[in-house]
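Please read the structure below before turning to the comments.
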Amino acid sequence: MKIASADVIVTCPGRNYVTLKITTEDGVTGIGDATLNGRELSVVSYLRDHVCPLLVGRDAGRINDIWQYLYRGAYWRRGPVTMTAIAAVDCALWDILGKVTGQPVHRLLGGAARDGVMIYGHASGGTIDELLDDVAGYLDQGYKAVRVQAAVPGLDSTYGLHHPGTGHTYEPADAAMPSDNAWHTPYYLDFAPKMMKAVRDRFGYDFHLLHDVHHRLSPLEAAQLGKSLEPYRMFWIEDATPAEDQEAFRTIRQHTTTPLAVGEVFNSIWDCQYLIGNRLIDYIRTSVSHTGGITHLRKIFDLADLHGVRTGSHGAGDLSPVSFAAALHLDLTVPNFGIQEYMGHLDPAGEVFKTSYTFEDGYMHPGDAPGLGVEIDEEAAARYPYEPRYLPVNRRLDGSMHDW
Ligand code: CS2
Ligand code: MG
């Protein structure tokens, strides 16, 4: 089971995806997602120039050792680029192990601890009425949990809303150069409780309600938001403040019982240790593809379990179907699973990635195909060459830069 080659595939079927393909001497292939939104080519270089040459000749079955070799063996550790590259290697090796043993990855991880993975969908609207129509569509499909976002009145644009005509998803990185979004916290703090009230008034409380703040608030503003949303019994508010100021969560916690989620921008267990260890959050949102793969994310989830924190992995459309499948395999097995984000993938991503996960009545299942259950069609991938794209930036009304 020696590794014969490791190749990087870059494709843009609707948006950019980077995929690592590892092939063994016996011709078994495994794939891992190496997409880092808006910084894709930095991971391509890290893999091609610094990681792939180290893999050839190693035993593909020694997943733990290869992980340690790439992490501990590097002097410059952690960070999104490194940990996304390691994640891609790790997932590709789990995929190979599954194919060689004829088992789906979830069985190699100890087997299913639940019948399905509860997911949340993304409802949004340019107005509250449009948002309500969108929420109705999700509930009709059987979703048990819905994230809601709507355009903040008074601002020219708001991040996180699906663009007209694209269906139930949005594309975070939408331009060849970063576009500007406007931000004004008072408008938002005034609007958010009205939005949640409208949703609960129309649809009641028999489903989970989530909301993403995208790191826009100060600790006290976040505390105010949490308090104002308490009547609407949120499943969580996500990324209320910039994630690197971890003491901020203590301030928020002291003022509100609204559950807190954070972690989509974290890359290692060390980024999560303080928040989890001090029980300052309720849900950890680290993802397979940005946090060192299944091998490392499993450790984070175990640490969280020890401290009563549940999982809620990032699952935006800029994480490819390969990492979404990997997330489902892990979600199915961990005792402290909370929820899984599912934004879906825009066409024509389905031409490139053939998936075997399924949706039924609000739950998803990764399927029982050997490995991760996702294949990449390289001919289709070649039809969609890389396109430079950036996430937008935020400016306050006076033109100054605001947090992401
Ligand atoms: C969002 C994403 O899915 C989420 O929770 O925060 O839109 C996120 O901003 C993008 O995935 C960034 O690449
Ligand atoms: Mg988010």
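From a predicted model like this one, the values you see are computed outputs, not experimental measurements. Just so you know, residue 1 is the first one in the sequence shown, and it goes up from there. Both ligands and their constituent atoms are indexed starting at 1 by order of listing.
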message: Test your reading of the model: is there a side-chain donor-acceptor pair from Asp33 to the backbone of Thr35, 3.5 Å cut-off?
response: yes
message: Under a 4.0 Å threshold between the charged nitrogen and the carboxylate oxygen, would Glu40 count as salt-bridged to Arg389?
response: no
- prompt: Can an N or O of Asn37 be found at a distance shorter than 3.5 Å from an N or O of ligand 1?
  reply: yes
statement: Nearest non-hydrogen protein atom to atom 3 (O) of ligand 1, with distance, is Glu341 OE2, 2.5 Å
- request: For the Mg ion (ligand 2), state how many protein N, O or S atoms fall inside a distance shorter than 2.8 Å.
  value: 3
side-chain contact (heavy atoms from CB on, under 4.5 Å) evaluation trace for Trp236 with Asp282: CA-CA 8 Å; Trp236 74 35; Asp282 301 282; over 6 Å; no
Arg216, Glu221, Arg396 screened by side-chain contact (heavy atoms from CB on, under 4.5 Å) with Thr185, the one that passes: Glu221
field: Atoms of ligand 1 close to Arg147 [distance to a heavy atom under 4.0 angstrom, numbered from 1]
entry: 1 (C), 3 (O), 4 (C), 5 (O)
query: With distance as the sole test, does His290 use its side chain to make a donor-acceptor pair with the main-chain N or O of Leu36 at under 3.5 Å?
result: no
- prompt: In terms of heavy-atom contacts, does CG of Asp115 have more than 12 from other residues, nucleotides or ligands at under 6.0 Å?
  reply: no
query: Is any side-chain N of the basic residue among Glu230 and Lys227 closer than 4.0 Å to the acidic one's carboxylate O?
result: no
- prompt: Aromatic ring centroids of Tyr159 and Trp183 under 6.0 Å?
  reply: no
- request: Among all protein heavy atoms, pick the one closest to atom 11 (O) of ligand 1 and tell me residue, atom and distance.
  value: Asp318 OD1, 2.7 Å
- prompt: Identify the closest protein heavy atom to atom 7 (O) of ligand 1: which residue and atom is it, and at what distance?
  reply: Tyr170 OH, 2.5 Å
message: Are any of the N/O atoms on His214, whether in the backbone or the side chain, positioned under 3.5 angstrom from an N/O atom of ligand 1?
response: yes
- request: Identify, for atom 9 (O) of ligand 1, the protein heavy atom at the shortest distance, and state residue, atom and that distance.
  value: Tyr159 OH, 2.8 Å
- line: among protein heavy atoms, the one nearest atom 6 (O) of ligand 1 is Glu264 OE2, 2.8 Å
